[in-house]
Colleague: 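Below is the structure I would like to discuss, written out as structure tokens.
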Amino acid sequence: MSILIDESTKLTVQGITGRDGFFHTMAMQEYGTNITAGITPGKGGRKVHGVPVFDSVKDAISEVEINTSIIYVPALFAADAIYESIDAGVKLIVCITEGIPVLDMLKICSYIKGSDIRLLGGNCPGLISPGKCKVGIMPAVIHKKGNIGIISRSGTLTYEVAQSITEAGLGQSTVIGIGGDSISGTGYIDLLEMFEKDEQTDAIAIIGEIGGTQEEQAAEYIKEKVSKPVFGFIAGKTAPRGKRMGHAGAIIDGGKGTAADKIKVWNNNGIKVLDRPDIFGQEIKKYLFYSQNV
Amino acid sequence: MSILIDESTKLTVQGITGRDGFFHTMAMQEYGTNITAGITPGKGGRKVHGVPVFDSVKDAISEVEINTSIIYVPALFAADAIYESIDAGVKLIVCITEGIPVLDMLKICSYIKGSDIRLLGGNCPGLISPGKCKVGIMPAVIHKKGNIGIISRSGTLTYEVAQSITEAGLGQSTVIGIGGDSISGTGYIDLLEMFEKDEQTDAIAIIGEIGGTQEEQAAEYIKEKVSKPVFGFIAGKTAPRGKRMGHAGAIIDGGKGTAADKIKVWNNNGIKVLDRPDIFGQEIKKYLFYSQNV
Amino acid sequence: MKIHEYQAKDIISRYGISSPVSYLATTPEQAEKGAEKIGGKVAVKAQVHVGGRGKAGGIKFANAPLEAFTAAKQILGMEIKGIKVSKLMIVEAVNIQKEYYIGLTVDRNTQKIVFMVSREGGIDIEEVALTAPEKIQKVYIDPVLGIKSFQLRRLASALFDEKELRKKVIHILSNMYNLFVSEDCSLAEINPLVLSSNNNIIALDSKINFDDNALERHKYTAEMIDLKEEDADEVEAKEHGLSFIKLDGDIGCIVNGAGLAMATMDIIKLFGGNPANFLDVGGSSNPGKIVKAFELILRNRKIKSILINIFGGITRCDDIAKGLMQAYKSIDINVPVVIRLTGNNEKAALNILKENNFTVFSRLEDAVKVVLKKKVKQVNVL
Amino acid sequence: MKIHEYQAKDIISRYGISSPVSYLATTPEQAEKGAEKIGGKVAVKAQVHVGGRGKAGGIKFANAPLEAFTAAKQILGMEIKGIKVSKLMIVEAVNIQKEYYIGLTVDRNTQKIVFMVSREGGIDIEEVALTAPEKIQKVYIDPVLGIKSFQLRRLASALFDEKELRKKVIHILSNMYNLFVSEDCSLAEINPLVLSSNNNIIALDSKINFDDNALERHKYTAEMIDLKEEDADEVEAKEHGLSFIKLDGDIGCIVNGAGLAMATMDIIKLFGGNPANFLDVGGSSNPGKIVKAFELILRNRKIKSILINIFGGITRCDDIAKGLMQAYKSIDINVPVVIRLTGNNEKAALNILKENNFTVFSRLEDAVKVVLKKKVKQVNVL
């Protein structure tokens, strides 16, 4: 199974002629992702790595099949690109672009709430179902098809976790970065629900960081609804209070949302919290070995 | 059963101190509707027919139970009243007010699309589940508990149909006016689906009028999804083209949407179209008698 | 609500859309003066709400001020589809390369605002809509979000191929959308939108209708209504909260609710009669409305009888009965009136009416049959 | 992004919210002149971004222009939480009946805009939030809909009991909301909002922060940034697309991604070391960023070694390697640098680095262990 993307994914790249769009189109294609169209207004008619470019998503969808979109357009145009995909009927939208204004994101989130449209990001690395499909910017080689699902607010930190799982001889069902911004399209809970249902997934790795209360909400959900083992890591134990640690939106809100708080809540709700991201593989392996032999 | 409202309805009246709100609060109470609160900003603390009045729906909901709201506030404030109920968590909102600006309605409809919030109206007579609950302005006496569901875009025309059903010795499960404006919160189809599922309902009466294509869409749905017998009437055979017949939004759009067109489509899709509203009772009775004796 | 071309021009200017220089004129002298100020060729255009004024001779061109005087003299006072021309617009003539159409309205099916544009602008746009709908590009806008850049791009590329022109027209499209929502329009269109010979995009003629229900929040536009343009009786009705439309028959109708009013007309027709009007007394009850309803109907000399059909809901029967009494007292009602009255506060109403020995039917069929009799007895008199 | 009180005052005035008469002063003479123009009692207020300036002596009152001169002399040049005061605002003193609080920000949990108001305004509002949260009324606004009348009423009645005052404050609340969304704020508050002795509602002090990501669409506000107020190094980092925060330790860090950067610091700590900084080189790769990163880190004399931790995704390893070479060529890198590099374009990066005999680790743990050794060998030199 895996979740959200697989061999049936038909991807369009919004901003395909930009530096990042161009590079990652090639990388995703190499991985085997079926990219059916690229979009850059005013550049319709060209081809990029053999992918036909269209002026708009609507133009593209009238000629090729599309069910997923990945967005590499500049921050101030990203919201428009998201709406364009929604308008054209795309149901899974992955927004790589970072630095989208918060009010733009608030409006988008409100608009898609309760609909069947799923937005990942902005400011996210995308997602990969190893061996099937990659819709994102993560390095492909560190992944291997397997039974661990990963959900993370951080990009590169996720790679660390994925790599450790692969190095331990295990693999991933789907690896998803939900994005580090304070407002993002999809949170932990929806994805936890999907992983809980996904037959390919035996255990879940969840990576959080300081700021907000998403981790706390996820903990409650995990306690009540998730039967599969969940392993966690929270970044930011050494982060100073009240300082914004980069674009991650990692603000410690009025004394709440510290790493220590979050770790405590996770431990109390049955999540196995690790103190380093690079030991997920060996710890999950030990756990699975032990539990299968009891 | 009946649909949408019954003995468990807990109603708030928005605009309870206005002329219409005041009068119909009494009428609904007399019918047995459980009115738990009234709302008029700045008049909290009073009582109207024994119903406590609050400044806001939120204030009310913090003290009494509310699951349904009926709105009698003036047209330019109606949208705000609807949002107020949505914000407070009310799931069924019945808007009696007529003359709400179209753009206000467009925004509301977009906002509640895909949610679990149901809005009837504006410019609608409300609904009644005879013997159980009345949330509207219709005269109670012409209704009787029974097995016919009624859906109508018109107010007073609905009363005519309901009365004829009662006079024929039958009765109604639920009678619903969806409102005559060109943009309204709920259309025929959602209600047809509910009546189809409702065990109390054996047959459906549907009343349309010139303008728009709602009737045509309903016809398609009925053909595909409704197994119960459906009887119909379309008002406006004698209406001149291109003229707006009152607030009903009954505009004949570019030659389409005439009564003749609609009647034809209904006939072609298995709806038994009657040429007068006051003979629904006898015709449905004949049909049910005949089909039960075959 | 409709407004004149010159008023629409005012509004689109406020929203930053350029149109040719123009002056309003109500006399040939003013027309001449306007043409003088503009200099060069001008168009003299009748200001009436009805369509097809060009074909009816309501638009003439003039090469010199004196010609404008003559043209104005010809057009002023002319009747176009029954409306007398009393105002003219004197407009600078533009060298046109090509004509386009842009227009906004509300689409009731999608419950969105629809923006329509076409390269086939001009007087035949309605023909285009019927015969070649693919030449009209439609974009549906959710007013909660407003118009988005991708939608503006789509519309612009449907209109022009050149990058520069697309950029220019996006500005116009965006302003038109703002106008539509800010002013609560029911229709806003520019037809033709023209590309001038010096590559400017100009609104040559525009048409704006407003949502009646929203007029109260637009004092400025509400003042633009030209009541002379509407049917006097229908305007009077509207002012009193009535919906009234004259028809050809001889049986006057007073009904509450638009649906029931239409159905009442339908039944009269079905039974072999001819309704003389559509009249909906509207939702909330107010005895004075009934008086006004009688007044309006009785102005029609063809009227042979009147059918009152009230099914009380939010309209209460006793208010109607009171109104009826008032009407009988203040007006000379010289035709038979057949009353069907039922619903909310029916009892109170019947008490009032029976005190005055009025006959009241509770079933519609009975009332219709009576009103259709060749010779209706003057059933109700005070 | 933060701006000064006097700049915030400018903005709220543009949105129709009244505040006391005031003048900006950078010298005691200007302060005196300002007080003269105002006449009567004035407040002399330090313009610094940090909170608590009142308690730090940054606000003084003056009954006469000369007193204002003296107060200005005392405050100018004063250091408040490390920031030197160079600007003052001379403000008309208001006769205060009562102080209120109103403020807007984005709530990440509900994904809505939250409007907070309280009758307990003034310097202790944060205390109120902690000890008596019920005294703060919160209303959550969906920006797709905008603020609604029922929400304004709720806020107004949380602030005032009198009908007249509620009406007045609704106007202010509505304008504040418009300001917040139109200017892409991350915070907008008036504290205190005061009721003057003559029953006017006045913004005595306001604070506005902007969403950095949206600055590009607000040229006017972007020009208000006072870079002197921020840590110079952090500002320089931002200008080069880096996120940089100084800490107390001695191990410099250059990492890609905020999450990984934090995790790297955490691991250094876990293994017994002390990170000297948080530094995220950001998403897109650009060799020049690495040079700047070295420059910033090496300014800190405490630095004993530097850990580079790159997991290439959208940042490509070869760009990092190129940047590293550039840095070694242009800067005197006099501390050991331990490199961990893996991910996209790793091979190309390794080719570059190995050509220059650099040691590169692919596992984080190995790199951290090396950098933590008491005496790190100068592993990499050109």
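Residue numbering restarts at 1 for every chain, and letters A, B, ... go by the order of the sequence lines.
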Colleague: Please check if atom OH in A:Y31 has more than 12 non-hydrogen atoms from other residues, nucleotides or ligands closer than 6.0 Å.
Modeller: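 Counting neighbours around OH of A:Y31, more than 12 heavy atoms of other residues, nucleotides or ligands fall under 6.0 Å, so yes.
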
Colleague: Using a 4.5 angstrom heavy-atom cutoff, name the option from A:P41, A:S110, A:A81 with the most pairs to chain C.
Modeller: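 With the most close heavy-atom pairs to chain C, the winner is A:P41.
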
Colleague: Checking C:K138 against C:Y140: charged group under 6.0 Å from the ring centre and within 45 degrees of the axis?
Modeller: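 Checked: cation-pi criterion not met.
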
Colleague: Would you compute the distance between atom CG of C:D161 and atom CZ of C:R166 and round it to the nearest 0.5 angstrom?
Modeller: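 The CG atom of C:D161 sits 6.0 Å away from the CZ atom of C:R166.
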
Colleague: Given a strict heavy-atom distance threshold of 4.5 Å, which part of C:R154 is in contact with chain A: side chain, backbone, both, or neither?
Modeller: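 The side chain, not the backbone.
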
Colleague: Checking A:Y83 against chain C: side chain, backbone, both or neither under 4.5 Å from a heavy atom?
Modeller: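 Answer is both: backbone and side chain atoms of A:Y83 are under 4.5 Å from chain C.
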
Colleague: Is there a donor-acceptor pair under 3.5 Å between the side chain of C:N209 and the backbone N or O of C:S186?
Modeller: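 Here the side-chain-to-backbone pair does not exist.
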
